[in-house]
Amino acid sequence: MSLGTQTPSGRQALKIMRRNPFGVDICCRKGSRSPLQELYNPIQLELSNTAILHQMRRDQVTDTCRANSAMSRKRRVLTPNDLKHLVVDEDHELIYCYVPKVACTNWKRLMMVLSGRGKYSDPMEIPANEAHVSANLKTLNQYSIPEINHRLKSYMKFLFVREPFERLVSAYRNKFTQKYNTSFHKRYGTKIIRRQRKNATQEALRKGDDVKFEEFVAYLIDPHTQREEPFNEHWQTVYSLCHPCHIHYDLVGKYETLEEDSNYVLRLAGVSGYLKFPTYAKSTRTTDEMTTEFFQNISAEHQTQLYEVYKLDFLMFNYSVPNYLKLD
């Protein structure tokens, strides 16, 4: 059953809404209420389905981390390098962990508007490549340890997730089938072809621009790959990018409910009066049907191994095993 269809009783809902993970009221900022107060201690105890849904998503993450503690908590301590995906907005006390291929360009644009102190007003006027310039956003790894701890405790932390294999196919299509992505073809394509393709032509080895999805999957499940370097962020697991077993996320947004979840975050931040999540119809979007097609040529053995790589993301964010998989 999907989380959206579960409706707790009124008493359970009350308990959910009153729960504050910090045990004390979060101190008010600039005379107004912080997003964390709005989330955990709303002035009007509206038992909205949205708040209940997000509590259930938080519980799902917590339960999965606990059940898979050996796997999910291999490292006890996070390093500053682990925090480079966490974007900070001081003015609205928000921390956003960006996950590539999950609307992260638009969310980075929104964070530029929120933290830009009037420099930007319309997120869609910010060019996509500018949103990805690291200097345009402040990340948590740029702070001192006490400052990091303070922000992790008192700012509202959120991330957005997507069905793991749909996200993977989206990354493959974007990075390996588009002619303009020559840097990816050179860095990863040549390596994948060299390792996975028998009798590769010299041109393929030099250009790396015609990687097949089956070769990409074989590269991902190859133990060699994991040993020699971390996955690129576009296909790295969410639990490795955002560390949800070490960092308590207050909101888990989903790609499938992107607009409503995004606008809920903006409402909690007190900016929904003038800022909405940008919407536009994108005909090239990777769909479930498309993902099914891509997996048709992947052997059951490779499907099983790939599922193991992304298993925690499936469990943690309540995505069921896809129907098209032929697991061993």
Side-chain angles (χ1 to χ4, degrees), residues 1-30 32-66 86-87 89 91-99 102-103 106-107 110-111 114 151-163 238 242 244-245 247-277 279 313 315-320:
M1 185 193 288
S2 74
L3 286 182
T5 58
Q6 299 170 355
T7 52
S9 67
R11 188 177 298 169
Q12 185 188 355
L14 199 63
K15 189 176 76 178
I16 286 169
M17 291 300 293
R18 284 194 176 141
R19 187 184 305 174
N20 178 343
F22 307 108
V24 292
D25 271 355
I26 300 106
C27 183
C28 304
R29 65 189 167 111
K30 307 181 192 75
S32 65
R33 289 163 57 79
S34 76
L36 272 188
Q37 284 176 308
E38 288 299 334
L39 180 64
Y40 292 108
N41 294 316
I43 291 174
Q44 295 171 333
L45 205 59
E46 53 175 68
L47 304 178
S48 73
N49 285 337
T50 309
I52 296 163
L53 170 69
H54 284 286
Q55 178 63 58
M56 291 162 87
R57 287 181 184 173
R58 282 193 292 276
D59 290 346
Q60 177 80 15
V61 173
T62 304
D63 294 347
T64 306
C65 290
R66 198 175 290 133
L86 278 76
V87 176
D89 168 19
D91 293 350
H92 302 90
E93 300 187 355
L94 297 173
I95 294 175
Y96 159 60
C97 184
Y98 71 89
V99 178
V102 193
N106 277 350
W107 257 109
L110 279 171
M111 293 299 277
L114 288 168
R151 281 156 185 76
L152 284 175
K153 187 178 173 188
S154 57
Y155 286 17
M156 187 175 84
K157 300 164 295 299
F158 67 98
L159 76 164
F160 278 80
V161 299
R162 184 177 185 176
E163 202 280 341
V238 176
C242 296
C245 291
I247 294 170
H248 169 87
Y249 284 93
D250 303 290
L251 276 178
V252 176
K254 291 200 165 187
Y255 195 71
E256 295 76 17
T257 48
L258 178 61
E259 223 173 302
E260 56 218 77
D261 291 345
S262 296
N263 288 325
Y264 183 53
V265 172
L266 296 173
R267 182 158 72 83
L268 292 168
V271 297
S272 57
Y274 62 88
L275 205 52
K276 293 274 181 286
F277 187 77
T279 58
D313 280 6
L315 297 174
M316 203 169 277
F317 305 117
N318 205 33
Y319 288 108
S320 51

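Heavy atoms only: backbone and side chains are in, while hydrogens, waters and symmetry mates are out.
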Is a side-chain N or O of [X] found less than 3.5 angstrom from the main chain of [Y], in a donor-acceptor match?
X	Y	value
Tyr249	Met156	no
Thr257	Glu260	no
Asp313	Val238	yes
Arg151	Tyr155	no
Lys254	Phe317	yes

Could you measure the distance from the [atom1] atom of [X] to the [atom2] atom of [Y]? Nearest 0.5 Å is fine.
X	Y	atom1	atom2	value
Ser320	Glu163	OG	CD	7.5 Å
Leu258	Arg162	CG	CZ	9.5 Å
Leu275	His92	CG	NE2	8.5 Å
Asp261	Leu266	CG	CG	11.0 Å
Leu114	Trp107	CG	CH2	7.0 Å
Leu251	Arg58	CG	CZ	6.5 Å

- Could you list the residues that satisfy side-chain contact (heavy atoms from CB on, under 4.5 Å) with Glu259, not counting sequence neighbours? Asn263, Thr279
- Set of residues satisfying side-chain contact (heavy atoms from CB on, under 4.5 Å) with respect to Thr50, sequence neighbours excluded: Ser48, His54, Tyr264
- Parallel, tilted or perpendicular: ring planes of Phe160 versus Phe158, cut at 30 and 60 degrees: perpendicular
- Do you know which two heavy atoms are closest between Pro35 and Ala269, and how far apart they sit? CG-CA, 4.0 Å
- Compare every heavy atom of Val61 with every heavy atom of Met316, then report the nearest pair and how far apart it is. O-CG2, 3.6 Å
- Query: Is there side-chain contact between Leu36 and Glu93, with at least one heavy-atom pair below 4.5 Å?
  - Reply: no
- Item | Donor + acceptor pair across side chains of Glu256, Tyr319 (<3.5 Å) | yes
- Task: Would you check, one step at a time, whether the test side chain to side chain contact (heavy atoms under 4.5 Å, CB included) holds for Phe277 with Leu110?
- Result: CA-CA 8 Å; Phe277 187 77; Leu110 279 171; 3.4 Å; yes
- Message: Using a strict threshold of under 4.0 Å (side-chain N to carboxylate O), is an ion pair present between Arg57 and Asp250?
- Response: no
- Identify which one of Val99, Val161, Ile247 satisfies the side chain to side chain contact (heavy atoms under 4.5 Å, CB included) criterion when paired with Cys242. Val99
